[in-house]
Undergrad: 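The structure's right below; bear with me while I get my questions together.
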Amino acid sequence: MSYSWLPALLAEIAEVAGLDAALALAAARGGTRVRIPAQADDDHWLVRCVGRKAADAICIHFRQGSNRPRGVYVEVPLGRAANARRVMAQALARGASAAEAARAAGMTERSAYRMRRRGRLYTEDRQPRLFD
């Protein structure tokens with residue numbers, strides 16, 4: 001599944017731990033620098049934020065290729081704009097007008113026209129549409 005509508009770090013997290021985990025992380029810690037440990041304890045903020053299974057997947061992913069056994073620091077993007085684009089794209093894909101999609105996403109009507117023109121429409125499973 002492609003998460004190209006997300007900022008790079010959130011897309012990477014969505015690939016290894018799921019979209020819900022990436023969005024939860026952005027909502028909880030977006031705009032800040034956080035430490036992703038090599039392994040998170042049960043009371044660690046990451047486990048509380050995304051759950052044990054997703055936290056383990058994130059820790060393992062960032063531990064690979066790192067020579068730091070204590071974990072790594074990452075800048076978590078806000079992700080609000082990416083989520084708004086997703087909402088707008090889904091509304092447009094369902095056949096909403098540009099004005100309706102803009103209101104649903106909290107964006108401008110002009111953005112909806114631009115998105116429609118560029119063909120960035122996604123179905124419910126967030127895959128690009130091949131044929132309209």
Undergrad: Report the C-alpha separation of Met107 and Arg85 in whole Å, then their side-chain angles, then the decisive distance to 0.1 Å, and conclude whether the side chain to side chain contact (heavy atoms under 4.5 Å, CB included) test is met.
TA: CA-CA 8 Å; Met107 296 176 70; Arg85 285 191 302 270; 4.1 Å; yes
Undergrad: Test of understanding: with side chain to side chain contact (heavy atoms under 4.5 Å, CB included), list the residues that count as partners of Glu75, not counting sequence neighbours.
TA: Arg33
Undergrad: Ala105 and Val87: which non-hydrogen atoms are nearest, and at how many Å?
TA: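 Residues Ala105 and Val87, closest heavy atoms: CA-CG1, 3.8 Å.
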Undergrad: Between Ser97 and Leu92, which heavy-atom pair has the shortest distance, and what is it?
TA: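 Nearest pair, atom of Ser97 first, then Leu92: O-CD2, 4.2 Å.
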Undergrad: My understanding is that only residues two or more places apart in sequence, or in another chain, count here; which of them pass side chain to side chain contact (heavy atoms under 4.5 Å, CB included) with Arg114?
TA: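 Applying side chain to side chain contact (heavy atoms under 4.5 Å, CB included) to Arg114 gives Arg110, Ser111, Arg117, Arg118.
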Undergrad: Decide whether Leu23 and Val47 are clustered together by the hydrophobic rule: side chain heavy atoms of Ile, Leu, Val, Met, Phe, Trp, Tyr closer than 4.5 Å, transitively.
TA: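 No, it is not one cluster - the side chains of Leu23 and Val47 are not joined through contacts under 4.5 Å.
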Undergrad: Might you work through the side chain to side chain contact (heavy atoms under 4.5 Å, CB included) test for Leu6 and Leu19, ending with a clear yes or no?
TA: CA-CA 10 Å; Leu6 283 171; Leu19 179 61; 3.8 Å; yes
Undergrad: What are the two closest heavy atoms between Arg29 and Thr32, and how far apart are they?
TA: O-OG1, 2.5 Å
Undergrad: Is it the case that one hydrophobic cluster holds both Val34 and Leu9, taking links as side-chain heavy atoms less than 4.5 Å apart, direct or via other members?
TA: yes
Undergrad: Tell me whether Leu10 is reachable from Val72 by hopping between hydrophobic residues (I, L, V, M, F, W, Y) whose side-chain heavy atoms are closer than 4.5 Å.
TA: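 The answer is yes; both residues are in one hydrophobic cluster.
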Undergrad: Tell me the closest heavy-atom pair linking Arg35 and Trp45, and the distance in Å.
TA: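 Shortest heavy-atom contact: O-CZ2, 3.7 Å.
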Undergrad: Report the C-alpha separation of Phe62 and Ile13 in whole Å, then their side-chain angles, then the decisive distance to 0.1 Å, and conclude whether the side chain to side chain contact (heavy atoms under 4.5 Å, CB included) test is met.
TA: CA-CA 9 Å; Phe62 285 102; Ile13 291 170; 4.0 Å; yes
Undergrad: Suppose we screen for side chain to side chain contact (heavy atoms under 4.5 Å, CB included). Which residues come up paired with Leu78, at least two apart in sequence or across chains?
TA: Arg80
Undergrad: Throw together a table of side-chain donor-acceptor distances under 3.5 angstrom for residues 48-59, partners on residues two or more places apart or in other chains.
TA:
{"unit_1": "Arg48", "atom_1": "NH1", "unit_2": "Asp43", "atom_2": "O", "d": "2.1"}
{"unit_1": "Arg52", "atom_1": "NE", "unit_2": "Asp42", "atom_2": "OD1", "d": "3.4"}
{"unit_1": "Arg52", "atom_1": "NH1", "unit_2": "Ala40", "atom_2": "O", "d": "3.0"}
{"unit_1": "Arg52", "atom_1": "NH1", "unit_2": "Asp56", "atom_2": "OD1", "d": "2.7"}
{"unit_1": "Arg52", "atom_1": "NH2", "unit_2": "Ala40", "atom_2": "O", "d": "3.0"}
{"unit_1": "Arg52", "atom_1": "NH2", "unit_2": "Asp41", "atom_2": "O", "d": "3.4"}
{"unit_1": "Arg52", "atom_1": "NH2", "unit_2": "Asp42", "atom_2": "OD1", "d": "2.6"}

